[in-house]
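Quick notes on the structure that follows.
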Amino acid sequence: MITLDWGSSNLRARLFDRQGKVVEIRSSAQGLLNLRERSFESALRALCGGWLRGSRVPLIANGMIGAREGWVEAPYLKCPATALDAAGALVKVTLSDGAELHIVPGLRCQSPSGQEDVMRGEETQLWGLEPGDPACCLLPGTHSKWARLDGWGRVTSFETSLTGELYALLTRHGMLAKLMRFDGERLDCFDEGAALGLAQYDRLSVALFSARAASLLGRVPPEGLPDFLSGLLIGAEVGSALAYWPQGGIKLLGEPDLCARYERVLRRAGTVAAPAPADATARGQWRIAVLAGLVEAAA
């Protein structure tokens, strides 16, 4: 089987053997924002190359490829939703040689704070976890997701924070960007910013300006300001989320270095966090394919 994790910026492909083991991974920068003239099939064939030659193999994709601006829109499933629900709602795309690509739908819900929310791609990671006790999962990233799963593996609700996007904007544009110097990691500054964010999570705009004052008055050096801002934003996200989400154990899914920063802030807030399996996305993709009948479950 070939699976595609196809987002706005990047495309990652995995080749599985018949036992559900990933035998090769390839990636490219051909995310939706980088494609010309909707050249989806060309990007797929350029990356997967010989994988697509010879015997026809099942193809499954998740992420922004199923968005309205993607290859074909895969409508959102309403929470609570399981991997079985997603397997029954795959949207097919027929390639030029007759092969079929199956796109996983995203999810929609009303968040614990009462807001409408959506996700695409992260749901596949969540379904890569083993069903068991109810769990709160945190998926850090450009748009961080806090999600709740029940004991049957159903995603019951989730909430999104723009933390990563805010960090990118504030470090490239505006008054804070002009004061910064990127020169190594300063965890002492990160911790100071995290403490401020946790304490002032409901006054983020005020806290952000205090970062400027701290820099101008020499309390935070230019090389420490990027980490101070990172800590402040993550602290504000965590402080706000813990007002609505359970404060028991939290599972972290994502890039290890970023997850480590969140774990550091969660520990400061008195909450235990632990990393989820690194192969959650691959396991979720395989599980959906099995439930959809595209592959047979490994013996």
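Residues take their numbers from the sequence shown, with the count starting at 1.
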Is it the case that Arg186 places NZ or CZ above or below the six-membered ring of Phe228, under 6.0 angstrom from the centre and within 45 degrees of the axis? no
Transitive ILVMFWY side-chain link Ile60 to Val22, under 4.5 Å: yes
Give the intermediate values and the outcome of side-chain hydrogen bond (donor to acceptor under 3.5 Å, both in side chains) for residues Ser230 and Asp227. CA-CA 5 Å; Ser230 173; Asp227 283 316; 5.3 Å; no
Starting at CE of Met119, measure out to CZ of Arg108 and round the result to the nearest 0.5 Å. 13.5 Å
Report yes if the distance between the aromatic ring centroids of Trp286 and Phe16 is under 6.0 Å, otherwise no. yes
Should Tyr167 and Met175 be regarded as members of a common hydrophobic cluster, given that ILVMFWY residues are connected when their side-chain heavy atoms come within less than 4.5 Å of each other, either directly or indirectly? yes
Any chance you could lay out the salt bridge (charged side-chain N to carboxylate O under 4.0 Å, His left out) test for Glu24 and Arg26, step after step, and finish with the verdict? CA-CA 7 Å; Glu24 189 176 347; Arg26 297 177 182 176; 3.0 Å; yes
Would you say Leu101 and Lys92 make side-chain contact, with heavy atoms under 4.5 Å? no
Please evaluate residues Arg264 and Asp191 with respect to the criterion salt bridge (charged side-chain N to carboxylate O under 4.0 Å, His left out), reporting the C-alpha separation (whole Å), side-chain torsions for both, the decisive distance (0.1 Å), and the verdict. CA-CA 8 Å; Arg264 192 179 182 95; Asp191 290 339; 2.7 Å; yes
Spacing of CZ belonging to Arg148 relative to OG1 belonging to Thr156, to within rounding of 0.5 Å: 6.5 Å
So, Thr160 and Asp117: side-chain donor and acceptor under 3.5 Å apart, yes or no? yes
CZ-CD distance between Arg12 and Gln30, expressed to the nearest 0.5 angstrom: 15.5 Å
Give, for atom NE2 of His143 and atom CG of Leu166, the distance between the pair rounded to the nearest 0.5 Å. 8.5 Å
Pairwise distance CD(Gln200) to CG(Leu232) - rounded to 0.5 angstrom: 9.0 Å
Is it the case that one hydrophobic cluster holds both Leu216 and Leu170, taking links as side-chain heavy atoms less than 4.5 Å apart, direct or via other members? yes
For the hydrophobic clusters of this structure (ILVMFWY residues joined by side-chain heavy atoms under 4.5 Å, transitively), does one cluster hold both Leu187 and Val265? yes
Using 30° and 60° as the class boundaries, would you call the ring planes of Phe40 and Trp6 parallel, tilted or perpendicular? perpendicular
Determine, stepwise, if the pair Asp279 / Arg283 fulfils salt bridge (charged side-chain N to carboxylate O under 4.0 Å, His left out). CA-CA 6 Å; Asp279 62 346; Arg283 291 168 61 176; 3.7 Å; yes
Trp146 and Glu237: side chain donor to acceptor below 3.5 Å: yes
d(Tyr244 OH, Ser113 OG) to nearest 0.5 Å is 5.5 Å
Would you please test Arg268 and Glu263 for side chain to side chain contact (heavy atoms under 4.5 Å, CB included) and show each step? CA-CA 9 Å; Arg268 175 179 284 272; Glu263 193 277 332; over 6 Å; no
Please assess Leu204 against Leu233 for the test side chain to side chain contact (heavy atoms under 4.5 Å, CB included), listing each intermediate value before the final yes or no. CA-CA 8 Å; Leu204 179 58; Leu233 290 172; 4.2 Å; yes
Quick one: do Ile234 and Leu196 end up in the same hydrophobic cluster if we chain Ile, Leu, Val, Met, Phe, Trp and Tyr together by side-chain heavy atoms under 4.5 Å apart? no
Does Arg267 make a cation-pi contact with Tyr262 (under 6.0 Å, within 45 degrees of the axis)? no
Quick one: do Ser157 and Gln110 satisfy side-chain hydrogen bond (donor to acceptor under 3.5 Å, both in side chains)? Show the steps, please. CA-CA 7 Å; Ser157 63; Gln110 187 173 59; over 6 Å; no
